[in-house]
Structure formats: C-alpha cells, structure tokens
Protein chains: 2
Amino acid sequence: MIKKSKKHIIIEEAARLFREKGYSATTMRDLAAQVGMEAASLYNHIKSKEEILNEICFSLARTYSSKMQEVYYSDYTPISKIKKLIALHIQINSMSSPLATVMNDEWKHLTEPCKTEFLDMRKKYEYQFIDIIQQGIDKGEIKNMNPRIALYTLLSSVRWLQHWYHANQEHNVNDIKKNIMELFLSGMIENQYEWKN
Amino acid sequence: MIKKSKKHIIIEEAARLFREKGYSATTMRDLAAQVGMEAASLYNHIKSKEEILNEICFSLARTYSSKMQEVYYSDYTPISKIKKLIALHIQINSMSSPLATVMNDEWKHLTEPCKTEFLDMRKKYEYQFIDIIQQGIDKGEIKNMNPRIALYTLLSSVRWLQHWYHANQEHNVNDIKKNIMELFLSGMIENQYEWKN
DNA sequence: CCTACCGATCGGTAGG
DNA sequence: CCTACCGATCGGTAGG
C-alpha cells in the first residue's frame, strides 16, 4: 500500500467506528465527521454504507483464506499446521486494527448475496481446519476428540485479544502466544497433580 | 417464575430479536409485531427500548455473580472451583436462551450510569476468577502461567456455543462439556508425542 | 391496547 | 467537496 487513497482512509475510520458503536449505530454523519467532510461527500468515494462493510469483511476473509491454502497444502505435520494457524489468529486479533472485530461481530449485517458468499468462505476455512485436526488424530499426534468442538473452541478462545488492543503494553504478543499455545497443547494442569474424579 | 407477565414475554422476544439483528437494528415495531401488538402498546409494559437491554444484561450478570460468590467461598480446591465455573459458562452459553448472546455482544449499547455498573460487576467477577486461578498456581495444582491470559482464553473459548444452539442435536451438552474440559485441563496433544521444537 | 401523530434523524441524491 | 434537500423510518407520546 504505497498511497492511502481517500477511500482507504474512509474504510479504516469506518472500521474504527463500527468496532466502537456497532455497524447499525454508526451513522454516515459520524463517519463524515471522523474523516473531516460532509456526509454527502463520502459518496464520491464509496457507493454505500453497505459497501464499506463488504470491503472490511472480505478483505480480512481473503487474508485468512489465502493463508489457509498455503498451510493446508504444505508439508508440515498436522500439529505444526495447527500451531501456524493459531499463531495467525492471535496475530490478527491482537493487532490494533479494528478489522478483526468488525468482521467477527458485524458480518451479520451483510446483505445477500454477499452474506452467503461470506459464510461459504468461512465454511470452507473451517472444513479445511477440521480436516487438519482429523489428520492429526489419525496420525496419533492428537488425542481422539471431536475435531469440530476442538476447532470452535480454539478459534473462539483467541477472540478476547480483539478487546485488549489498548492494554498491549503489559504483555507482548509473543508472550501471549506462548501462554495460549501451551494451554491448548498440554493443558493447565500440572502433570503430577491428579484431578480426575 | 409461576406466571409469565407480558413484560417478561416482551423481554424474551426482544432478546431473540437482539441476538438475530443486533440491538440497534431491532426496532420497536419489529418487537411489537413479534409480540402481536402495536408499537405504541409496548410502552404500557416497558419504559423504553433501553430498559429492555438493561433488564437482559443485569439479570444474567446477577446469575453469574451469585454463582461466583457461592463457588468462591466454598471449600473446593481451586481446580474444582474452576471446573464448576467453566461448567456454568458452558451451561449458560449452550442453553437455547438468547440472553447470553445479547449480554455478551450488546452490552456496549448500555448507557450511563448502567454501563459503568455493568462493567464493575464484570470486573469483580474476573478479579475473583483470576484469584482462584492464582491460588491453584500457588498450590501447585496449576502450571505457572499468566492467570489473566488463562482466564480470558477460558471465558472466550466457550462463547461459540451461543451460536450453536440450533445444532444441539448432534452432541449433547455433557459431551461438549467433557471435550472442552479435557482440552483445557490436559491439552490436545497425545502424551507420548514430542512436539516442542 | 389502539389510532394518530410528533420531532429527530437516517442513508442517500441532485446539482453545482 | 459543498448546500440543500428527499422519503422513510426511528423511539416515543397524547388521548382515548
């Protein structure tokens, strides 16, 4: 991105407002004020409020998808693939960028046919992720667990990082990554402690 | 709850709509249609749209808080306390009730002074939960990890259950509870498998 | 619980 | 990029 077009700036500021107030509660006049122009002038750069949401959701969805293709067809072991994907999610969710929050929380305001297209992309991503987990189970690297439950729990678990961007001073991303990875891969229990009842 | 007052019904239907379309995008006319009356008639039972959101958020917040007091001051070990609290979160998030989703996703539309009051309740809850984890670490039951990171990851990880209420046929709640508990307590890696690099 | 209606504000357009 | 403005719809009220 060599030069930030006005459109680009508008979308960035919109993402910030959508994260803060939600898509529906954000008005074009809010956005115009943020960018420093009148509401009517926004329409010289964007077609509609809806278009902005589309651009946000799909740009990030494409990032996830292309990274998935790269990992899925690589030669790493299933565990290594999973680690790479978790790292990707942590990275994206802990960036100060509001894009992740908006995609995760506001996609339901997409309208057809974009909504279906978006959900299809997500479904494919999840399908490939589940397949990697299943391969890990088949190879004996991963415990025999329900791969869908494991996936949803994994993806869900790193979402809180979205809301933590303001406190990134306390721990850096690598610290957090290490903690979460350890938690998922080998659990929180000390090995010598007997907990099952 | 012996008899469902009209107010109770209105709040329940509102929660369903808020979950589906979001608080801001849900209109009082949508809600009126759902309940089977005119928009103006709603105001014989509730004071404002805002009041509905308040009731939803605080009723569930009180449920969490009172359960926390019960667990926090009990004689169980830290690990057992954590298991009880995770079970509570799984239970609430996997109920078909829309209350959990609304509280989690729409609290930002609360207005002052309710918003601050709500966040204070949440802060206290988190503080007590972190304290339990820290006690587990001090006792050597739990690995030495950052308790705040562990907590947020834990609480975040069960949220996907909210969106899964429609597919509850495939696995029952106990199945899911077992899977998630195992994942958190001892991880997804087979013990004999060497993964650290 | 309804009809009738309010002031405000919404996303967006016309025309320059 | 602005002024001026649009039809629609919002949360809510008056009065019965």
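Letters go in sequence order (proteins before strands), and every chain restarts at 1.
Classified by interplanar angle (parallel below 30°, tilted 30° to 60°, perpendicular above 60°), the ring pair A/F129/A/H89 is tilted.
Spacing between atom CD of A/E51 and atom P of C/dG12 amounts to 10 Å, rounded to whole angstrom units. Distance, A/I52 CD1 to C/dG12 P: 9 Å, rounded to whole Å. Taking atom NZ of A/K6 as the reference point, atom C1' of D/dC1 lies 10 Å away to the nearest angstrom. Computed from coordinates, the A/E38 CD to C/dC10 P distance equals 13 Å when rounded to whole Å. Between the OH atom of B/Y43 and the C1' atom of D/dG15 there is a distance of 17 Å, rounded to whole Å. Atom pair A/L42:CG and D/dC1:C1' shows a separation of 10 Å (rounding to whole Å applied). Atom P of nucleotide C/dG11 and atom OH of A/Y23 are separated by 8 Å, given to the nearest angstrom. The separation between B/I46 atom CD1 and C/dC1 atom P is 13 Å, rounded to whole Å.
Between A/E182 and B/K143, at least one side-chain nitrogen of the basic residue sits less than 4.0 Å from a carboxylate oxygen of the acidic one, meeting the salt-bridge criterion. Contact check on B/K7 versus B/E12 returns no salt bridge, with no Lys/Arg side-chain nitrogen under 4.0 Å from an Asp/Glu carboxylate oxygen. Taking a cutoff of 4.0 Å between a charged side-chain nitrogen and a carboxylate oxygen, A/R16 and A/E13 qualify as a salt bridge.
The side chain of B/A40 has C/dT3 as its nearest neighbour among D/dG12, C/dT3, D/dA4. Comparing D/dG12, C/dG12, C/dC2 by their nearest atom to the side chain of B/R29 picks out D/dG12. For B/K49, whose side chain is taken as the heavy atoms from C-beta onward, the closest listed nucleotide among C/dT3, D/dG12, D/dC1 is D/dG12. Nearest nucleotide to the side chain of A/S41, out of C/dC2, D/dG11, D/dC2: D/dC2.
Between B/M37 and A/M28, the one whose closest nucleotide on DNA chain C sits nearer the 5' end is B/M37. Comparing B/N44 and B/S48 by the nucleotide of DNA chain D whose heavy atom lies nearest to each, the residue mapping closer to the 5' end is B/S48.
Backbone-only contact: A/T26 has heavy atoms under 4.0 Å from sugar-phosphate atoms and none from a base.
Side chains of A/T116 and A/E112: a donor on one and an acceptor on the other come within 3.5 Å.
Base pairing of C/dG15: its partner is D/dC2, meeting the Watson-Crick or G-U wobble criterion (both donor-acceptor distances under 3.5 Å).
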